[in-house]
Amino acid sequence: MALQLYNTSGRRKEAFEPIDPANVRMYVCGPTVYDFAHIGNARPVIVFDVLFRLLRRRYGDAHVRYVRNITDIDDKINAAAKANGEDIRTLTERTAKAFHEDVAALGCLPPTVEPRATEHIGPIIKMIETLIASEHAYRAEGHVLFSVASDPEYGKFSGRSRDEMIAGARVEVAPYKKDPGDFVLWKPSPPDLPGWESPWGRGRPGWHIECSAMSEAHLGETFDIHGGGLDLIFPHHENEIAQSTCAHGGKQFAHYWLHNGFVTVDGEKMAKSAGNFRTIRDVLNDAPGEAARYAMLMSHYRDPLDWTGERLEQAKHTLDRFYLALRDAPASAGGGMSPEFEAALDDDLNTPLALAALHELLNELNKATTDADKARLAGELRASAAILGLLQRDPNAWLKGPTDEAAEIEALIVQRLDARKAKNFAEADRIRTELAIRGIVLEDKPGGKTEWRRAV
RNA sequence: GGCCGGAUGGCAGAGUGGCUAUGCAGAGGACUGCAAAUCCUCGUACAGCGGUUCGAUUCCGCUUCCGGCCUCCA
């Protein structure tokens, strides 16, 4: 079955067909690096990582080009640097590094290219010049603005008319704008803030133009998939489309637009003022990244997701069950995705249904009686889960966790086995309880062997 | 005010015009010295009101409630 994706442009599922049948190009809006990333930022990174992995499986690793930018020039960055008394460059480097560590812990592959806005000032200026030359942009008091009136298609993507936008505008309109909807492509920058020389004086780019310029630089004028959070539909993506199509003589920008839903925490929108701001770091403190990833994939990417401690616990517990089965299965070579699993992902990345398919495999694996069946099912389970970025670790590493007391635990287990052989069950239970208090769970396997793992 | 998306069992969460996923928690059973893990069985949910239909949780309309966006935002 062919991959179906829900296209925000048109608001329906469509069969995915890349422009070049052999190569896929995808752009996803990345983070603005001014602070630690929160759990809401993690969602698009994980969701599009799953899509990246699925596309790589289909088209080959070398045939999927995934670009995710880093916005390292922005008002919030300037403000945060000032508040910290930190150099701007130091702040963005530090924050970008933290972001990389966080998403790596969540099991996300690095994108093919990770362009930075500050490294694309040349292409940005060039694109703005093109827009001015074709009268889609104009200069006003040191700024360069995009003229929404010059683009009859403006507003179509996000489904709003210009009248509505004006009527609904809740922000004071700068007096130099010809139209209240016009947005900044370039703005002046004072000497104490980052800026670049340009035909319009020293300044810096607006947020929207960065993505248009960087996607063109790394994917060309037209590419296949553009992703991001739901909140970016307007104005960010609407503006990107306007800039890129107008700069490219009306050529279509991205063919498929994918947007992930929002994450709330304990039922409420995350806000520092509400005290429910949850960074990826906070979450990684409570659980392994793989559990957080599983918890994220429990909901369909377009639906809202409420992040709770209970959800994370459940994810952790469920992964224990999978790794328990994998631990006891014979080593398996390769294997493919299960058909049910593949069909679920093909249907607009239905990860909850895909996880259900994984549970079917788990159940079969637990019931399998021959080594051949076990190896086959374990292989299929791992090969399927790999697309979700799950179940790729060594089961014992997952179940036992980092520990330097393994030898001591093993010794106690031997003592307990001796006691059991002597039918001294009181002593055997005493040792088991002692370990339980330390968070160690024992499992007596058939054949007199005892396994241990860390309790959830 | 405008535009969009939701409402499913104790919780999480798919899906479907009739055969009513999956996981967690819970109950009973098998296995076990007892456990743990695993397996088996069980609970019969689709916000409300109308309409279409032989039949609607699924399609249509209205109502209520919730969330997102309306130039900071994943």
Side-chain angles (χ1 to χ4, degrees), chain A residues 8 11 28-32 34 37-48 74-76 79 148 155 158-161 163-174 177 180-184 206-208 227-236 238-239 259-264 267-271 294-295 297-300 302-306 308 310-311 313-315 317-318 320-321 324-325 327-328 340 344 347 350-360 362-363 365-367 420 423-426 428-429 432-433 436 440-446 450-453 455:
Chain A
T8 303
R11 295 175 202 279
V28 175
C29 292
T32 299
Y34 67 99
H38 57 67
I39 194 66
N41 296 309
R43 172 117 95 146
V45 181
I46 292 172
V47 164
F48 291 105
D74 178 87
D75 285 341
K76 272 185 293 194
V148 296
S158 57
R160 59 195 80 210
S161 73
D163 290 347
E164 282 165 10
M165 286 187 266
I166 295 163
R170 54 180 186 189
V171 170
E172 212 175 310
V173 178
K177 287 188 180 181
D182 291 350
F183 55 90
V184 170
W207 175 39
H208 313 300
L230 198 74
D231 55 322
L232 297 183
I233 293 172
F234 188 87
H236 187 54
E238 183 77 61
N239 292 356
H259 292 95
N260 63 273
F262 248 61
V263 177
T264 53
E268 294 188 16
K269 185 172 174 172
M270 252 185 291
Y294 189 102
L297 296 176
M298 279 163 61
S299 290
H300 184 88
R302 285 194 279 119
D303 288 335
L305 181 159
D306 189 35
T308 62
E310 197 185 348
R311 169 185 280 265
E313 281 301 311
Q314 190 180 320
H317 180 88
T318 305
D320 274 355
R321 291 191 58 224
L324 230 24
R327 180 193 64 188
D328 297 333
E340 292 79 11
D347 185 10
N350 191 336
T351 55
L353 194 57
L355 290 175
L358 252 34
H359 279 282
E360 296 288 341
L362 173 64
N363 186 253
L365 174 59
N366 281 330
K367 279 193 283 190
R420 288 180 69 212
K423 303 255 186 254
N424 184 353
F425 295 119
D429 290 349
R432 186 167 63 195
T433 305
I440 306 298
V441 179
L442 299 187
E443 298 165 42
D444 294 329
K445 311 296 285 186
T450 297
E451 295 276 11
W452 68 273
R453 66 189 158 91

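Quantities reported herein were computed from a predicted structural model and do not represent experimental measurements. Within every chain, numbering begins at 1; the chains are lettered A, B, ... in the order of the sequence lines, protein sequences first and strands thereafter.
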Worksheet entry | Parallel, tilted or perpendicular: ring planes of A/H208 versus A/F183, cut at 30 and 60 degrees |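 Plane angle over 60°, so perpendicular.
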Between [X] and [N], is there a side-chain N or O to OP1/OP2 distance below 4.0 Å?
X	N	value
A/R321	B/rC24	yes
A/R311	B/rC24	no
A/N366	B/rA37	no
A/S299	B/rG13	yes
A/K177	B/rU71	no
A/N363	B/rC39	yes

[atom1] of [X] versus [atom2] of [N]: gap in Å, rounded?
X	N	atom1	atom2	answer
A/D328	B/rC39	CG	P	12 Å
A/R43	B/rA74	CZ	P	14 Å
A/K76	B/rA74	NZ	P	5 Å
A/E360	B/rG15	CD	P	16 Å
A/L362	B/rU38	CG	C1'	10 Å
A/Q314	B/rG23	CD	P	11 Å
A/D303	B/rA7	CG	C1'	11 Å
A/E443	B/rC31	CD	P	19 Å

Name the closest nucleotide to the [X] side chain, picking from [options].
X	options	value
A/P180	B/rU71, B/rA74, B/rA35	B/rU71
A/R453	B/rU71, B/rA74, B/rA37	B/rA37
A/W207	B/rC72, B/rG68, B/rC39	B/rC72
A/L353	B/rG68, B/rA21, B/rG33	B/rA21

Within-4.5 Å side-chain heavy-atom neighbours: [X] and [Y]:
X	Y	result
A/Y294	A/T318	yes
A/P44	A/I46	no
A/R311	A/M298	yes
A/T8	A/I233	yes
A/I440	A/L442	yes

With a non-hydrogen cut-off below 4.0 angstrom, is [X] in contact with a base, only sugar-phosphate, or nothing?
X	value
A/H38	base
A/N350	sugar-phosphate
A/G228	sugar-phosphate
A/V263	base
A/D429	base

Item to complete: May I ask you to check whether A/N41 and A/H38 show a side-chain donor-acceptor distance below 3.5 Å?
Response: yes
Worksheet item: So, do A/F262 and B/rA74 meet the stacking rule of ring centres under 5.5 Å and planes under 30°?
Response: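 Stacked: centres under 5.5 Å apart, planes under 30°.
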Practice prompt. Using the P atom as the reference point in each nucleotide, state the distance between B/rU32 and B/rA27 in Å, no decimals.
Written response: 23 Å
Practice prompt. With P as the reference atom in both, quote the distance from B/rC19 to B/rU58 in angstrom, rounded to an integer.
Written response: 13 Å
Worksheet item: Which sits closer to the 5' end of RNA chain B, A/A428 or A/N260, going by the nucleotide each is nearest to?
Response: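 Final value for this comparison: A/A428.
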Worksheet entry | Of A/R11 and A/L232, the one whose closest RNA chain B nucleotide lies more 5' | A/R11
Worksheet, complete the sentence: Secondary structure of RNA chain B per the Watson-Crick/G-U criterion (both distances under 3.5 Å; [ ] crossing, | other strand, . unpaired) is (((((((..(((.....[...))).(((((.......)))))....(((((..]....))))))))))))....
